Amino acid sequence: MAAVETELSSVAPDAGRMRRKAIVAGAVGNVVEWYDFVVYAYMAKVIGGLFFPSGDERVTMLASLAVFGVGFAARPLGAILFAHYGDRAGRQRALSLSVLLMGGSTLLMALLPTYSAIGWLAPALLVLARLVQGASAGGEFAGSGAFLVEYAPRGRRALYGSIQQVTIAIGLLLGSGLVTAMTLTMSPQAFASWGWRLVFAIGSVFALSGLYIRAKVPETPEFTKVQQTGDVEKRPLVAVWRQYRRQLLFIIPMTAGPAVVYYLYQTYLVNFAVSVLKMAPQTALLANTIGLIGFAVSLPVAAMLSDRFGRKPVLVVHGLAVILLSYPLFAWMDASRSFGSVVAAAIVGNVMAGLYGGPVIAAYVEMFPAKVRYSGFSVPYGIALALFGGTAPFVAELLTGVFPVPVGATLELTVLMVISLFCFFKMSETHKSELE
């Protein structure tokens, strides 16, 4: 962030002030989105017991993680709807709507009766809330990324785009930190009774602040030019399919491996430490929280390297690191079953995720012109996360019951990352190009 402030101080006061407002608007909404979306994963064990009671703890956990994945099933639909709206009416309006829906669905989750109170209707309403969360998150990622990069000066696009990723880390840290603090200070009975509801309720309050801030920020200069020239696409999805099909299809395999990295090291690691390593939930959450600091720190560093040397070199290093280090990390955790090994794996895994998160927003934004940028970025990214990201904790949990632990936890990740690495080698370098 210091590098961004230095950049802002060197431009005209009005431009610098506008960029600061844009950064805050893009950041605060994304914090809310990711806090709301991931606290479910941190409380999957508790939620599973309340909404999917069974005599088999593993079946209950799998059911709870499957609902976590359901949210991702709605991402492509949300991406399509929000991208169409964002390319027609503007980024600012689409992003305000996304944070409003996220806050509403999170409030619903805070108020839901459990299975013991209303039977099957409880998990059905839980699924509905996750679907709305998924749809709004599907429109948030690409929209806030495009919003920040379109406000960025040339030569700083990855750095500005990485702020969006840093806010993901902040949202994850808030969620992980709050759940950790509550599980350390509350009895398991109190947390299962009402503590988990408080976590969701706080997220809905965050959403109101995000909505207020976003409503005060004007449209990006890039999309304003599109509006002023009358070049707004009436059917942006059709246009991007006809004119930018290669880029559209390229993003899906390019995202597949990194999507699993995110959700393996940032959400599943907690469940892995509890269910496989038999670690106390609060201890696992503490290790996860420490690891997320590595994500937040590595993001701007990777972004600045990307702005200096290019998107491709940083992404290639990310892919190679994931392929070479993931199996040894899980093998070490399984062998030692210590807090130190889980912390180390969380830090290394999150730094590897940061090597992707730093350059990727700018890389994807640079693939498309402003009039179809939201659609071109959002839809394939949403599809990739639905297919590979949201299902990653479920698949890893399933495979660890079939294969030896290190193989089961990293099999899908390794296969998909080989595919993504090939895409990194084949991608066009765009860090010196002008935005269209």
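When a residue number appears, it is its place in the shown sequence, counting from 1. Everything quoted here is computed from the prediction, not taken from an experiment.
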Residues Ser341 and Ser338: side-chain donor-acceptor under 3.5 angstrom
yes
Heavy-atom distance under 4.5 Å between the side chains of Val127 and Leu131, does that happen here?
yes
Would the distance check show the side chain of Ser433 and the main-chain N or O of Thr430 forming a donor-acceptor pair, the cut-off being under 3.5 Å?
yes
Steps toward side chain to side chain contact (heavy atoms under 4.5 Å, CB included) verdict (Glu222, Val149):
CA-CA 10 Å; Glu222 293 289 327; Val149 174; over 6 Å; no
Ionic contact status for Glu429 with Lys312, cut-off 4.0 Å
no
Side chains of residues 235-249: which donor-acceptor pairs under 3.5 Å do they make with residues two or more places apart or in other chains?
unit_1 : atom_1 : unit_2 : atom_2 : d
Arg245 : NE     : Trp241 : O      : 3.1

Should the pair Tyr356 and Tyr262 be assigned to parallel (<30°), tilted (30 to 60°) or perpendicular (>60°) ring geometry?
perpendicular
So, does Ser375 use its side chain to make a donor-acceptor pair with the main chain of Val372 at under 3.5 Å?
no
Can you name the closest pair of heavy atoms from Ala392 and Tyr263 and give their distance?
CB-CB, 4.3 Å
Main-chain N/O of Ala346 paired with Asn350 side-chain donor or acceptor, under 3.5 Å
yes
Measure the shortest side-chain to side-chain distance between Pro359 and Phe309 over non-hydrogen atoms and say whether it is less than 4.5 angstrom.
no
Residue pair Leu126 / Tyr40, side-chain heavy-atom distance below 4.5 Å:
yes
Could you tell me whether a side-chain N or O of Thr229 sits under 3.5 Å from a main-chain N or O of Lys225, the two making a donor and an acceptor?
yes
Quick one: does any side-chain atom of Thr283 pair with a main-chain N or O of Met279 as donor and acceptor, under 3.5 Å?
no
Please confirm whether the backbone N or O of Ala362 pairs with a side-chain atom of Arg311, one donor and one acceptor, at under 3.5 Å?
no
The test is side chain to side chain contact (heavy atoms under 4.5 Å, CB included); show your working for Val322 and Leu413 and say whether it passes.
CA-CA 8 Å; Val322 170; Leu413 170 63; 3.8 Å; yes
Nearest heavy-atom pair of Ala396 and Leu264: which atoms, and what distance?
CB-CD1, 3.8 Å
CG-NZ distance between Leu421 and Lys426, expressed to the nearest 0.5 angstrom:
12.5 Å
A side-chain contact here means heavy atoms from C-beta on lying under 4.5 Å apart; do Val365 and Tyr160 qualify?
no
Taking the inter-plane angle between the rings of Tyr268 and Phe272 on a 0 to 90° scale, is it parallel (under 30°), tilted (30 to 60°) or perpendicular (over 60°)?
tilted
Between atom CZ of Phe147 and atom CD of Glu219, what is the distance when rounded to the nearest 0.5 Å?
7.0 Å
With side chain to side chain contact (heavy atoms under 4.5 Å, CB included) as the criterion, how do Met367 and Phe377 come out once you've worked through the C-alpha distance, each side chain's angles and the decisive distance to 0.1 Å?
CA-CA 8 Å; Met367 289 183 182; Phe377 179 178; over 6 Å; no
Say you draw a straight line from CG of Leu101 to OG of Ser136; how long is it, rounded to the nearest 0.5 Å?
6.0 Å
Leu355 and Val314: which non-hydrogen atoms are nearest, and at how many Å?
O-CG1, 3.3 Å
So SG of Cys423 and CZ of Phe250: to nearest 0.5 Å the spacing works out to 4.5 Å
Going from CZ on Phe223 to CG on Asp87, what distance comes out if it is rounded to the nearest 0.5 angstrom?
6.5 Å
Worked check of side chain to side chain contact (heavy atoms under 4.5 Å, CB included) between Glu397 and Met61
CA-CA 9 Å; Glu397 180 77 13; Met61 176 62 79; 4.2 Å; yes
Between Leu320 and Val316, is any pair of side-chain heavy atoms under 4.5 Å apart?
yes
If I compare all heavy atoms of Gln227 with all of Val232, which pair ends up nearest, and what's the gap?
CA-CG2, 3.9 Å
Could you check whether any side-chain N or O of Thr106 sits under 3.5 Å from a backbone N or O of Gly203, counting only pairs where one atom can act as donor and the other as acceptor?
no
Any idea which heavy atoms bring Trp196 and Met109 closest together, and the distance?
CZ3-O, 3.5 Å
Check: residues 289-299 side-chain donor-acceptor pairs under 3.5 Å, at least two apart:
unit_1 : atom_1 : unit_2 : atom_2 : d
Thr289 : OG1    : Ser176 : OG     : 2.4
Thr289 : OG1    : Leu285 : O      : 2.8
Ser298 : OG     : Gly294 : O      : 2.9
Ser298 : OG     : Phe295 : O      : 3.1

4.5 Å side-chain heavy-atom contact, Thr414 and Tyr327:
no
Rounded to the nearest 0.5 Å, what separation is found between the CG atom of Asn271 and the OG1 atom of Thr400?
10.5 Å
CA sep, side-chain torsions, deciding dist, call: Glu434, Arg154, salt bridge (Lys or Arg N to Asp or Glu O under 4.0 Å):
CA-CA 7 Å; Glu434 295 282 356; Arg154 184 181 177 183; 2.6 Å; yes
Do Tyr364 and Thr255 get their side chains close enough for a donor-acceptor pair, meaning under 3.5 Å?
yes
Strictly distance-based, threshold 3.5 Å: is any side-chain N or O of Ser420 a donor or acceptor partner for the main-chain N or O of Pro253?
yes
Would you kindly check if the NZ (Lys) or CZ (Arg) of Arg91 is within the cone defined by 45 degrees around the ring axis of Tyr374 and under 6.0 Å from the six-membered ring centre?
no
Quiz question: by atom type and distance under 3.5 Å, do the side chains of Ser144 and Gln164 form a donor-acceptor pair?
yes
Carboxylate-amine/guanidinium contact Arg157 Glu366, below 4.0 Å:
yes
Hey, does the side chain of Ser326 reach the backbone of Ile323 with a donor-acceptor pair shorter than 3.5 angstrom?
no
Could you go step by step and tell me if Thr180 and Gln282 meet the side chain to side chain donor-acceptor pair (under 3.5 Å) rule?
CA-CA 5 Å; Thr180 300; Gln282 57 266 37; over 6 Å; no
For Ala409 and Phe330, work out which heavy atoms get closest and say how close.
CB-CD2, 3.5 Å
Answer whether the closest heavy-atom distance between the side chains of His318 and Pro258 falls below 4.5 Å.
yes
Student check: side-chain heavy atoms of Tyr151 and Pro221 closer than 4.5 Å
yes
Over 12 non-hydrogen atoms of neighbours within 6.0 angstrom of CZ in Arg337
yes
Would the distance check show the side chain of Arg75 and the main-chain N or O of Ala386 forming a donor-acceptor pair, the cut-off being under 3.5 Å?
no
